[in-house]
Amino acid sequence: QVQLVESGGGLVQAGGSLRLSCAASGRTSGSYAMGWFRQAPGKEREFVATISLNGYSTYYADSVKGRFTISRDNVKNTVDLQMNSLKPEDTAVYYCAARPRGTGSTRKYEYDYWGQGTQVTVSS
C-alpha cells in the first residue's frame, strides 16, 4: 500500500506560478512511475504529466507542454509539478498518482494509488 499526499495548491493570478508536491509513504520500495492528473468542476479527470521510475522519461498533455515540469526525488519519495504561466483554464483539483510499473502512462485506470488532491485556482 502506498499513501500519497499532495500540497502546494492555492490561488494565483493568471501568468503566475505554483509548485505542487506529492509525498509518498508506505510501500515506497516498489517500482512506481508517477503521474499528475486534474479534474475541473463538471469534467472528467484528465492527464497532466507523468514521469518514469528513474526520472529519465517524462510526458505531458499538450495543454501544459512547455509550461509545466514534472520531477521526482527518489530519496525523499516526492514528485513535484512546477506550473508556470498559469491560465484560468488550469483551475482544477490536482491529483498525484502512482503506477506499479517503471514507465509512466496517460491512462488514469493504470494507476493504483491516488492522493486526496489539492485545489489550484487561477484568476483572470
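What you see is a predicted model, and the numbers here were worked out from it, not measured in a lab.
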N/O donor-acceptor pair under 3.5 Å between [X] side chain and [Y] backbone:
X      : Y      : value
Asn74  : Leu53  : yes
Glu6   : Gln116 : yes
Thr118 : Gly9   : yes
Ser31  : Gly102 : no
Ser52  : Ser57  : yes

Derivation of the side-chain contact (heavy atoms from CB on, under 4.5 Å) call for Val93 and Arg38: CA-CA 5 Å; Val93 177; Arg38 66 187 182 186; over 6 Å; no
Verify whether the ring centers belonging to Phe37 and Trp114 lie closer than 6.0 Å. yes
Distance flag, aromatic centroids of Tyr60 and Phe47, threshold under 6.0 Å: no
Do we see a donor-acceptor contact under 3.5 Å between the side chains of [X] and [Y]?
X      : Y     : value
Tyr111 : Arg99 : no
Ser17  : Asn84 : yes
Thr69  : Gln82 : no

Which pair of heavy atoms, one from [X] and one from [Y], lies closest together, and at what distance?
X      : Y     : answer
Met34  : Cys96 : CE-SG, 3.6 Å
Ser124 : Ala14 : CA-CB, 4.3 Å
Ser123 : Leu11 : CB-CD1, 4.4 Å

Pairwise distance [atom1]([X]) to [atom2]([Y]) - rounded to 0.5 angstrom:
X      : Y      : atom1 : atom2 : answer
Glu46  : Lys108 : CD    : NZ    : 9.0 Å
Arg72  : Asn54  : CZ    : CG    : 8.0 Å
Arg101 : Thr103 : CZ    : OG1   : 8.0 Å
Leu18  : Asp90  : CG    : CG    : 10.0 Å
Thr121 : Gln13  : OG1   : CD    : 13.0 Å

Treating Ile, Leu, Val, Met, Phe, Trp and Tyr as nodes and any side-chain heavy-atom pair under 4.5 angstrom as an edge, say whether [X] and [Y] lie in one connected cluster.
X      : Y     : result
Trp36  : Leu4  : yes
Val79  : Val2  : yes
Tyr113 : Leu20 : yes

Using the ring of Tyr95 (Phe, Tyr or Trp, six-membered ring only), decide whether Arg45 places NZ or CZ under 6.0 Å from its centre and within 45 degrees of its axis. yes
Residue pairs, two or more places apart or on separate chains, that pass salt bridge (Lys or Arg N to Asp or Glu O under 4.0 Å) and touch residues 7-26: Arg19-Asp80
Just wondering, more than 12 heavy atoms not from Lys65 lying within 6.0 Å of its NZ? yes
